[in-house]
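Quick caveat, the model's predicted, so the values are computed rather than measured. Chain identifiers are assigned alphabetically (A, B, ...) following the order of the sequence lines, protein sequences preceding nucleic acid strands; residue numbering begins at 1 within each chain.
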Number of protein chains: 2
Amino acid sequence: MNNFGDLIRAKREEKEMLLRHLAAELDIDTAQLSKMERGERTARREHVVELTKILSLDKEETLSIWLADQICLLLAKEKQALRALKLAETTLSK
Amino acid sequence: MNNFGDLIRAKREEKEMLLRHLAAELDIDTAQLSKMERGERTARREHVVELTKILSLDKEETLSIWLADQICLLLAKEKQALRALKLAETTLSK
DNA sequence: TGTACATTTGTCATTTAATGTCAAGTGAAC
DNA sequence: GTTCACTTGACATTAAATGACAAATGTACA
């Protein structure tokens, strides 16, 4: 349920970047980035896009994962989560 | 993409209630309710629940529709909407 | 042990978005 | 042209998201 954060952290470590280095490139606080990676806070869309560039990630895929996390956040604790997803899918397919 | 509002309006008219009467029961402004029905603003969760009681709607179904609208709002203009939905579904199925 | 460094945690300030309120506007019916 | 239901737009208020900072934690190693 924090697939985006996990992805970012994995890629960052793979590239052997420190939080403060990546944070500096994004022009945000190190603590902010730490929280994003652990899912304590969600990233801004613009930061997501920027991250895909810095970490050589696929933009579309990464955005999808980030969006999916947002959806999961919205539906957390909702009994009708899956039912709502199905309805949304029907609507968006049109 | 405003299924919730359409549902509320249909039911309200079916019961021949005026906006101001329903708004009074919800303890909100008439203009607010008007906007909710037309999808200009989203309803609060508590108002959704209250509406199901007043309008004799199925609570689970109505909440699903309301949630679906929220999801659609979140994904509006996103090219990866359907892809994100699929990912969210996978996550939430677990 | 204690120092250096990376990360995390908690608190509070600031910004942005959601919601609420009101007054004026529109349109239909009579 | 008056009344009534509803809509629109502007602004106030409230709540949520984001940002910034200091202190805490944990780890490695001299």
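Within 6.0 Å of the CD atom in A:Glu16, the count of heavy atoms belonging to other residues, nucleotides or ligands does not exceed 12. Open room surrounds NZ on B:Lys59; 12 or fewer heavy atoms of other groups in view lie less than 6.0 Å from it. Within 6.0 Å of atom NZ in A:Lys11, more than 12 heavy atoms from other residues, nucleotides or ligands are found, so the atom counts as buried in its surroundings. For B:Asp27, the CG atom sits in a loose shell: 12 or fewer heavy atoms of surrounding residues, nucleotides or ligands are nearer than 6.0 Å. Residue A:Lys79 qualifies as open at atom NZ: its count of foreign heavy atoms under 6.0 Å is 12 or below.
A straight line from CD of A:Gln32 to C1' of C:dT9 spans 13 Å, rounded to a whole angstrom. A straight line from CD of A:Glu37 to C1' of C:dT7 spans 10 Å, rounded to a whole angstrom. Look at NE2 on A:His47: it is 17 Å from P on D:dA17, rounded to the nearest Å. In this structure, CG of A:Asp29 is placed 13 Å from P of C:dT8, rounded to the nearest angstrom. In this structure, A:Met36 places its CE atom 16 Å from C1' of C:dT9, rounding to the nearest Å. Atom-to-atom, CG of B:Leu18 to C1' of D:dA5 comes out at 7 Å; the value is rounded to the nearest Å. Atom CZ of B:Arg45 and atom C1' of C:dT19 are 18 Å apart (whole Å).
A donor N or O paired with an acceptor N or O is found under 3.5 Å between the base of D:dG19 and the side-chain atoms of A:Arg41. Judged by distance alone, with hydrogens and angles left aside, B:Lys35 brings no side-chain donor or acceptor close enough to the base of C:dG20 to form a pair under 3.5 Å.
In this structure, A:Arg12 reaches the sugar-phosphate backbone alone: every heavy-atom distance under 4.0 Å involves primed, P, OP1 or OP2 atoms, never a base.
Summary of helix geometry: the two end axes of the helix from C:dT1-D:dA30 to C:dC30-D:dG1, each defined by five base pairs via their C1' atoms, are inclined to each other by 20° (rounded to 10°).
Judged by closest nucleotide on DNA chain D, B:Glu13 is the one of B:Glu13 and B:Arg44 placed further toward the 5' end.
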Check the pair B:Leu85 / B:Ile71 against side chain to side chain contact (heavy atoms under 4.5 Å, CB included), numbers first and verdict last. CA-CA 9 Å; B:Leu85 273 183; B:Ile71 295 170; 3.8 Å; yes

